[in-house]
Amino acid sequence: MLSAVIAADGRLVSRDYSVTPAASGPDAVVAALIQSSRSTLDAAGVTAGELRAIGIGAAGLVNDTLGLVHTSPNLPGWRDYPLKQAVESALGKPVFLINDAHAAAVGELHFGAGKGCRHFVYVTVSTGIGGGLVLNGRIYEGCGGLAGELGHMVIDDQGPMCKCGNRGCWEMLASGKALAVEARRLIQEGEPTSILHYAVDAESVDARAVEQAAAAGDALALSLISRAAYYLGVGLGNIINVFNPERIVIGGGLSNIGDRLLLPAYAEAGRRAFKQPFDTVKFARAALGRDSGVIGAAVFAHQKTEQINNNGQVK
Ligand SMILES: [Zn+2]
């Protein structure tokens, strides 16, 4: 988990990165979160009086109004967990909850690659694929906070089974996990490749190993990245047709592969989207890196605090 103190101008004053004890259950994760928050507050030299609010970007289905994390894909044992109340009682400040990909989109909207956009789509391509929709200058959360689950858009209904119950979700075809699974399958089938030089063994081959082998010119690694780029482009084409965004901002670890992945993906999107929305959309790499989520969560908390101060209640 990453905790940070963010100033009112979006400047990141201090940060604390610590391991999330996900397997130990919600109470252990919350204890670690509180400890991490205190560490970053101490490092920033911020007093209790100076801290206005706390924003938490959490993976999964979160509900800020109820203060709950309903479920989280990477946090076993979390079911309707009262995260807001737990952190408020420990740190004595108002806490606001937002989905982590939505937080990253808000961060990019205010201080990153989405600055100045009224309509943009943020796509994070890492182990999975997540997203955030900024429509009319605001994050679109949907009626239950679940909007923007771009990674579960079905691309191939005969494709690999996803944990969500569907086949061929976008993240099963174009994410880091998809790249690694396909690489391991082909290696097991005996395809000649140098990918194994970049991993301890076949089981531990990950997207990074494929990326390194591709950079060294390995044919199998290059074809795996072309395949991921193709599917990435199919999904981007859908997004362009559905949302007609001004900009698509792409972040996440896999996007660090850069042009080798992204340029063919953009070209594939162009073959699939309608001409006019494709001609007007701009593609941009996320500008805030790993900090987009903490900055966005802070912006979200700031906005909610302002609303309370102005209206006496949360809208
Ligand atoms: Zn899915």
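Numbering of ligands and ligand atoms starts at 1, following listing order.
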Engineer: Strictly below 4.0 Å, N to O, side chains only: are Arg11 and Asp9 in salt-bridge contact?
Structural biologist: yes

Engineer: Does one side chain, of Ser39 or Asp42, offer a donor that lies under 3.5 Å from an acceptor on the other?
Structural biologist: no

Engineer: Answer whether the closest heavy-atom distance between the side chains of Ser126 and Leu254 falls below 4.5 Å.
Structural biologist: no

Engineer: Got a salt bridge between Arg52 and Glu306, using NZ or NE/NH1/NH2 to carboxylate O under 4.0 Å?
Structural biologist: yes

Engineer: If you apply the rule salt bridge (Lys or Arg N to Asp or Glu O under 4.0 Å), what do you find for Lys177 with Glu171, and how did you get there?
Structural biologist: CA-CA 8 Å; Lys177 181 174 56 189; Glu171 75 171 27; 3.6 Å; yes

Engineer: Taking atom types as modelled, find out whether Asp259 and Tyr266 have a side-chain donor-acceptor pair closer than 3.5 angstrom.
Structural biologist: no

Engineer: Can you count the protein N, O or S atoms that lie less than 2.8 Å from the Zn ion (ligand 1)?
Structural biologist: 4

